[in-house]
2 protein chains.
Amino acid sequence: MTVTLADVAARARVSPATVSRVLNGNYPVATSTRDRVLRAVDELDYVLNGPASSLAAATSDLVGILVNDIADPFFGIMAGAAQSQIGGPGDGSGRAGGEKLAVVCNTGGSPERELTYLTLLQRQRAAAVVLTGGALEDPSHQAAMAVKLAKLADAGTRIVFCGRPPLPDSDAVTASLAFDNRGGARRLTEHLLELGHRRIGYVAGPLERTTTRHRLEGHREAMKAAGLHGDEESLTVHGPYDRRSGYDATRQLLAREGEVTAVVAANDTVALGACAAVRDHGLRIPEDVSVAGFDDLPFSVDAMPALTTVRLPLAEAGARAGRLAMGKEKPPAGGIATIDAELMARGSTAAPRG
Amino acid sequence: MTVTLADVAARARVSPATVSRVLNGNYPVATSTRDRVLRAVDELDYVLNGPASSLAAATSDLVGILVNDIADPFFGIMAGAAQSQIGGPGDGSGRAGGEKLAVVCNTGGSPERELTYLTLLQRQRAAAVVLTGGALEDPSHQAAMAVKLAKLADAGTRIVFCGRPPLPDSDAVTASLAFDNRGGARRLTEHLLELGHRRIGYVAGPLERTTTRHRLEGHREAMKAAGLHGDEESLTVHGPYDRRSGYDATRQLLAREGEVTAVVAANDTVALGACAAVRDHGLRIPEDVSVAGFDDLPFSVDAMPALTTVRLPLAEAGARAGRLAMGKEKPPAGGIATIDAELMARGSTAAPRG
DNA sequence: CTGTTAGCGCTTTCAA
DNA sequence: TTGAAAGCGCTAACAG
């Protein structure tokens with residue numbers, strides 16, 4: 001029924017092994033033979049059987065990219081960039097040669113699904129796995145992840161972190177690209193302090209996430225360095241990385257802590273919610289309250305006023321992670337690279353009134 | 001080295017066949033035997049070999065979801081919803097039972113990559129494929145797609161369209177969920193006409209895309225019904241579905257056609273660019289120029305003023321596509337369903353001056 | 001440079 | 001309800 005490699009071999013009057021060699025291109029084959037084989041492939045419209053090939057070769061061309069939330073451009077941008085390095089440009093024929101199949105898996109931020117996806121990829125004998133975004137800090141999950149990643153690495157799967165801090169005491173991970181969330185957050189708050197703000201509300205991300213913690217720490221470092229501390233707790237509200245969280249938390253801060261002159265959000269999406277809350281509270285941005293975000297997603301510059309935020313080079317990092325996963329680029333020294341975060345001061349922050 | 005099904009069988013003192021039956025759960029197995037097998041699986045930390053399993057069974061648990069641009073929430077929302085129906089909730093162990101591996105593939109809008117991904121998925125003997133977003137209208141690509149999809153369907157792969165018009169004369173596609181882009185666009189323009197606008201600029205999407213054409217047709221239907229036609233061409237500018245396109249096209253429209261009182265954009269992202277252009281031109285929204293988008297992505301309500309747009313139920317459609325791909329839901333009559341688009345009139349549109 | 005020969009690890013009749 | 005055995009389609013030594 002379906003045409004197999006043996007059919008191609010018969011048609012090209014060569015052995016199956018030769019066909020395999022032509023297809024994989026890792027072996028010298030006479031040009032005339034190769035042409036004959038390729039012609040037979042086209043004539044028979046042959047499509048390689050992936051499972052059979054993976055079984056025999058004990059490795060597949062699947063590369064998994066894990067993301068927390070595929071609907072969030074933060075992840076979409078990284079995943080797209082990684083995928084572009086992995087899938088290759090193709091040859092324009094749609095025929096598929098030695099390409100890898102780069103696929104993105106959406107964990108929805110659930111630790112169980114993260115592990116499940118890793119198991120599924122392990123099953124498929126994935127060639128590489130890229131994990132994006134912050135990690136959960138729950139010790140038992142971290143331990144489970146370390147074990148699982150070690151097994152994947154053992155089986156020859158290359159593992160790359162992108163926008164995620166390195167795993168302590170693990171050599172399973174080929175490379176870790178970590179964003180300087182702490183430094184970026186510190187500079188952002190310093191910017192607010194320089195403008196004259198003293199009471200700054202902070203809408204943090206979900207608890208137990210490295211990203212949340214690092215950004216919050218950077219913020220508090222700056223506050224402390226300015227001699228401002230004592231009411232960190234009452235000025236901080238935690239919530240998920242979405243617009244609603246920004247809205248709710250900001251309304252809460254505004255109602256409870258009347259004298260807040262600035263709100264720093266965990267990311268740009270949360271910041272949009274914060275902006276809406278400030279306005280619904282009858283206040284203006286930035287005259288009455290300054291608002292700042294994090295990530296510099298494409299829409300941030302279109303907020304009115306344009307959002308002050310911290311730029312993360314998501315596309316560059318994703319692309320680099322993709323190359324590392326393919327073994328096309330050599331890992332940074334020590335397997336760890338920290339990626340700078342740049343302050344983008346824009347219209348949504350200004351000096352407080354009075 | 002790596003533990004195989006035979007190892008599990010030995011440890012559980014049963015035959016490999018029995019282990020296979022327990023793992024796949026499609027066959028009667030004595031409870032005591034099953035327990036013994038499951039225990040052995042856990043003790044040995046066994047992970048099924050996907051390729052071997054797929055080879056023997058001639059089908060895999062891979063489900064592909066093709067998107068044009070993974071960094072665009074339009075696709076992210078659909079893909080995430082689809083994936084949530086396919087991946088299943090897991091059992092909380094991260095162990096992975098009969099789950100499918102739902103993966104999203106980013107074509108970047110390139111027809112070649114679309115075909116390449118389908119070939120790659122075909123290689124893997126994917127259980128199902130979901131194609132999201134508008135299709136390219138190039139006849140040769142359409143023909144190639146029809147052929148490829150027919151082959152996939154022949155091989156037992158279920159095919160579902162989500163937000164894409166049905167393929168003419170093809171029974172390869174299990175179900176097509178198409179958005180009512182034309183109707184939505186018509187209602188949007190009618191809304192503008194009712195407000196009193198007469199000269200309406202249109203920033204269209206890329207040429208040769210069904211989405212672009214349908215939305216543009218809806219717009220022109222409304223214009224024509226109002227007796228307004230003749231300068232459609234000069235009032236329409238085509239460009240990609242991104243912010244920059246909206247910005248550039250709008251500046252162009254504003255410079256060239258001074259008297260434009262409203263700009264309709266191909267989607268919300270383009271609309272944000274249009275808003276920025278209107279402002280940079282020294283005009284106010286909506287007092288001087290009204291702006292409208294399409295899709296109602298989450299950020300649209302946060303634009304200032306909030307964006308008038310057309311809501312597409314992306315998450316619902318994605319989830320339904322996921323269920324259809326899994327065979328959990330029965331296809332609509334005729335395999336085709338049209339999904340309504342709802343006008344969301346908000347602050348960015350108002351009556352023109354004078 | 002090319003052919004022969006064993007498997008890769010699992011599923012699935014067919015029997016028992 | 002379980003076991004035995006025959007492949008699934010390909011790759012990778014090993015010869016030649």
Side-chain angles (χ1 to χ4, degrees), chain A residues 1-38 40-41 44-62 96-98 120 122-125 127 155-156, chain B residues 1-38 40-41 44-62 96-98 120 122-125 127 155-156:
Chain A
M1 186 60 246
T2 101
V3 21
T4 74
L5 182 142
D7 299 330
V8 175
R11 172 137 197 154
R13 317 187 125 290
V14 295
S15 72
T18 299
V19 177
S20 172
R21 293 194 264 252
V22 169
L23 261 25
N24 292 303
N26 318 319
Y27 233 77
V29 174
T31 313
S32 65
T33 314
R34 134 178 285 100
D35 289 347
R36 208 139 34 86
V37 169
L38 255 18
V41 165
L44 295 176
D45 205 16
Y46 169 68
V47 175
L48 186 74
N49 183 317
S53 163
S54 300
L55 172 58
T59 165
S60 83
D61 51 6
L62 247 197
L120 254 14
Q122 184 183 6
R123 261 192 201 176
Q124 304 296 332
R125 305 301 187 251
Chain B
M1 187 61 246
T2 99
V3 19
T4 73
L5 183 142
D7 299 330
V8 175
R11 172 138 197 155
R13 317 187 125 293
V14 296
S15 73
T18 300
V19 177
S20 172
R21 293 195 264 251
V22 169
L23 261 25
N24 293 303
N26 320 319
Y27 236 76
V29 175
T31 313
S32 65
T33 315
R34 136 179 282 100
D35 288 347
R36 210 139 31 88
V37 169
L38 257 16
V41 165
L44 295 176
D45 206 15
Y46 169 68
V47 175
L48 186 75
N49 184 316
S53 162
S54 300
L55 172 57
T59 166
S60 83
D61 51 6
L62 248 196
L120 254 13
Q122 185 183 4
R123 261 192 202 175
Q124 303 297 332
R125 307 299 188 252

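Values below: every heavy atom of this structure, side chains too, minus hydrogens, waters and symmetry copies. So that the names make sense, note that chain A is the first sequence line, chain B the second, and so on, each numbered from 1.
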Peer 1: How do B:A52 and B:S32 order along DNA chain D: which one's closest nucleotide is nearer the 5' end?
Peer 2: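 Its nearest nucleotide being more 5', the pick is B:S32.
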Peer 1: Take A:L5 and A:Y27, find for each the nucleotide of DNA chain D with the closest heavy atom, and name the residue whose nucleotide sits nearer the 5' end.
Peer 2: A:L5
Peer 1: Could you state the CG-C1' distance from A:L44 to D:dG9, rounded to the nearest angstrom?
Peer 2: 15 Å
Peer 1: Base, sugar-phosphate alone, or nothing: which one does B:T33 contact when heavy atoms must sit under 4.0 Å apart?
Peer 2: sugar-phosphate
Peer 1: Give a yes/no on whether any side-chain N or O of B:T4 is located under 4.0 angstrom from OP1 or OP2 of C:dG9.
Peer 2: no
Peer 1: Could you go through residues 12-22 of chain B and list every donor-acceptor pair under 3.5 Å that involves a side-chain atom there, pairing it with any protein atom two or more places apart or in another chain?
Peer 2:
unit_1: B:S15; atom_1: OG; unit_2: B:A17; atom_2: N; d: 3.4
unit_1: B:S15; atom_1: OG; unit_2: B:T18; atom_2: N; d: 3.3
unit_1: B:S15; atom_1: OG; unit_2: B:T18; atom_2: OG1; d: 3.2
unit_1: B:S20; atom_1: OG; unit_2: B:N24; atom_2: ND2; d: 3.3

Peer 1: So what does A:A30 hit on the nucleic acid, given a heavy-atom distance under 4.0 Å: a base, only sugar-phosphate, or nothing?
Peer 2: sugar-phosphate
Peer 1: Check step by step if side-chain contact (heavy atoms from CB on, under 4.5 Å) holds for B:L23 and B:V41.
Peer 2: CA-CA 9 Å; B:L23 261 25; B:V41 165; 4.2 Å; yes
Peer 1: Taking atom CZ of B:R123 and atom OG of A:S60, what is their separation to the nearest 0.5 Å?
Peer 2: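 Spacing of CZ (B:R123) from OG (A:S60) equals 11.5 Å.
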Peer 1: Using a heavy-atom cut-off of 4.0 Å across all strands, would you classify B:V19 as base, sugar-phosphate, or nothing?
Peer 2: nothing
Peer 1: Roughly how many Å is it from CG in B:L55 to P in D:dG7, rounded to a whole number?
Peer 2: 14 Å
Peer 1: What is the separation between atom CD on B:Q124 and atom C1' on D:dG9, rounded to the nearest whole Å?
Peer 2: 14 Å
Peer 1: Between C:dC10, C:dT4, D:dG3, which nucleotide gets closest to the side-chain atoms of B:L48?
Peer 2: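 Per side-chain heavy atoms of B:L48, the pick is C:dC10.
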Peer 1: In whole Å, I'd like the distance from the CZ atom of A:R13 to the P atom of C:dT2.
Peer 2: 15 Å
Peer 1: Counting just side-chain N and O atoms, does B:S15 come under 4.0 Å of either OP1 or OP2 of D:dA4?
Peer 2: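 No.
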Peer 1: Indicate yes or no: at least one non-hydrogen side-chain atom of A:L55 is less than 4.5 angstrom from one of B:N49.
Peer 2: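 They are in side-chain contact.
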Peer 1: Please determine, for the side chain of B:V14, which listed nucleotide (C:dC10, C:dG3, D:dG3) has the closest atom?
Peer 2: D:dG3
Peer 1: How many whole angstroms separate atom CG of A:D7 from atom P of D:dC8?
Peer 2: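 Atom-to-atom, A:D7 to D:dC8, this comes out as 12 Å.
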Peer 1: Could you give the CG-to-C1' distance, from A:N49 to D:dT11, as a whole number of Å?
Peer 2: 12 Å
Peer 1: Write down the distance between CG (B:D61) and P (C:dC10), rounded to a whole number of angstrom.
Peer 2: 14 Å
Peer 1: Kindly give the heavy-atom pair with the smallest separation between B:R11 and B:A40, and that separation in Å.
Peer 2: CG-CB, 3.7 Å
Peer 1: Could you tell me the separation between the CZ atom of A:R21 and the C1' atom of C:dT5, rounded to a whole number of Å?
Peer 2: 12 Å
Peer 1: What nucleotide, of C:dT11, D:dT11, C:dG3, holds the atom closest to the side chain of B:N24?
Peer 2: C:dT11
Peer 1: Does C:dG9 have OP1 or OP2 sitting under 4.0 Å from an N or O in the side chain of B:S53?
Peer 2: no
